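One structure is given below, encoded as structure tokens.
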Amino acid sequence: MTIRVVIVDDQAMVRAGFAALLSAQADIDVVGEAPDGRQGVQVSRSTHPDVVLMDVRMPEMDGLTAAREILDPPPGVVHRPKVLMLTTFDIDDYVYEALRAGASGFLLKDAPPADLIAAVRVVASGEALLAPSVTRRLIADFVQQRPAPRTDPALRLNGLTPRETEVLELIARGLSNQEIAGHLVLAEQTVKTHIGRVLAKLDLRDRAQAVIFAYEAGLVRPGDSA
């Protein structure tokens, strides 16, 4: 299946470079580009991509606002692509808020070309959190700095079974499905089933939101390791 991608960045050369690189892949098709967040939302709504590469800082509408509009669309808009944030800083408040809003991960703009290609495929598959070690560090840093959410996430953990809570903790520690399966001595398909139930019960979009939830609920803490 071909992965449909939209690139949103205010630098024309960045868009052109990313488009050339991704279009050269047999399984990726760049279906649209935009120079700012507002146009990025419009292009996304009209082309129905699988993945939107979204720069964080842009004129007219920044990437965070655009990501929120794409991931939480108005009534009647049913298509919700995955969003991969592009940034020049690995620790960035905008990126944290985008992950919290449902973005699937982030990528540094100076990352090697192979990383960009892999990132698009990973985000499109929905199977893994992109760059878990860096993303977890970013989440941990900002969870420490922020006030507690208005609704206590720890209370929502009560709806999970002990096994589901264990799976959520291992997701937050950065383990892949295969690693979780090995750690718990389960079939990988069983792990996927548990993850699906965790996301549904906690009303979370994907693994990125699950990691944030686990930190905010105190299930894992900064400095914890797998």
Side-chain angles (χ1 to χ4, degrees), residues 1-44 46-64 66-67 70-71 79-99 101-139 141 174-179 205-209 211:
M1 186 182 76
T2 301
I3 302 169
R4 296 167 59 83
V5 177
V6 163
I7 302 169
V8 185
D9 195 293
D10 61 335
Q11 298 181 53
M13 290 185 65
V14 171
R15 295 198 308 274
F18 283 3
L21 179 65
L22 294 173
S23 296
Q25 309 307 308
D27 60 335
I28 299 176
D29 185 15
V30 177
V31 297
E33 300 178 24
D36 60 65
R38 193 177 309 282
Q39 292 185 54
V41 173
Q42 294 171 353
V43 171
S44 176
S46 63
T47 60
H48 293 180
D50 300 301
V51 178
V52 177
L53 294 179
M54 181 74 72
D55 189 20
V56 170
R57 291 177 172 82
M58 293 179 291
E60 297 296 327
M61 178 186 287
D62 63 44
L64 171 58
I70 289 172
L71 295 166
H79 181 72
R80 291 200 304 174
K82 301 295 180 66
V83 175
L84 175 62
M85 304 303 296
L86 301 170
T87 180
T88 53
F89 305 101
D90 63 347
I91 300 298
D92 190 308
D93 197 19
Y94 279 88
V95 176
Y96 173 81
E97 289 297 344
L99 290 172
S104 297
F106 75 98
L107 186 71
L108 297 180
K109 293 173 78 170
D110 60 357
D115 286 3
L116 172 64
I117 296 166
V120 168
R121 290 172 176 152
V122 166
V123 169
S125 74
E127 289 297 324
L129 176 65
L130 182 65
S133 62
V134 180
T135 304
R136 284 175 62 232
R137 176 164 57 88
L138 179 144
I139 292 169
D141 285 349
L175 273 67
S176 66
N177 288 359
Q178 186 176 14
E179 290 168 336
R205 178 174 166 82
D206 57 20
R207 295 172 81 106
Q209 286 194 321
V211 173

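Keep in mind that what you see is a predicted model, and the values were worked out from it rather than measured.
Taking all atoms of both residues into account, the shortest heavy-atom contact from V52 to S44 is CG2-OG, 3.9 Å. L64 and D62 make their closest contact through N-OD1, 3.1 Å (heavy atoms, listed as atom of the first residue, atom of the second, distance). For the residue pair A111 and D115, the shortest heavy atom distance occurs at CB-CB, 4.1 Å. Closest of all the heavy-atom pairs between L71 and R80 is O-NH1, 2.7 Å. When all heavy atoms of F106 and T87 are compared, the closest pair comes out as CD1-CG2, 3.8 Å.
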Between D36 and D10, does the side-chain contact (heavy atoms from CB on, under 4.5 Å) criterion hold? Intermediate values first, please.
CA-CA 6 Å; D36 60 65; D10 61 335; 5.9 Å; no
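For H79, the side chain to side chain contact (heavy atoms under 4.5 Å, CB included) criterion is met by H48, P49, P81, not counting sequence neighbours.
By the 4.5 Å heavy-atom criterion applied to side chains, V120 and L53 are counted as neighbours. Proximity of I70 to M54: side-chain heavy atoms (C-beta onward) are separated by under 4.5 Å at one or more points. Counting heavy atoms from C-beta on, the side chains of V51 and R4 never come closer than 4.5 Å. Counting only heavy atoms from C-beta outward, the side chains of L116 and L107 approach each other to under 4.5 Å.
Within the structure, salt bridge (charged side-chain N to carboxylate O under 4.0 Å, His left out) contacts touching residues 102-111 (residues at least two apart or in different chains) are D9-K109, D55-K109.
For the atom pair CG (L108) and CE (M85), the distance works out to 12.5 Å, reported to the nearest 0.5 Å. The line from CD1 of I3 to CE of M1 is 6.5 Å long, rounded to the nearest 0.5 Å. Between the CD atom in Q42 and the OG1 atom in T47 there is a gap of 11.5 Å [rounded to 0.5 Å].
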For residues 16-35, dump all side-chain donor-acceptor pairs below 3.5 Å to protein atoms at least two apart in sequence or in another chain.
| from | atom 1 | to | atom 2 | distance (Å) |
| --- | --- | --- | --- | --- |
| S23 | OG | A19 | O | 2.8 |
| Q25 | NE2 | L21 | O | 3.2 |
| D27 | OD1 | R121 | NH2 | 2.9 |
| D27 | OD2 | R121 | NE | 2.9 |

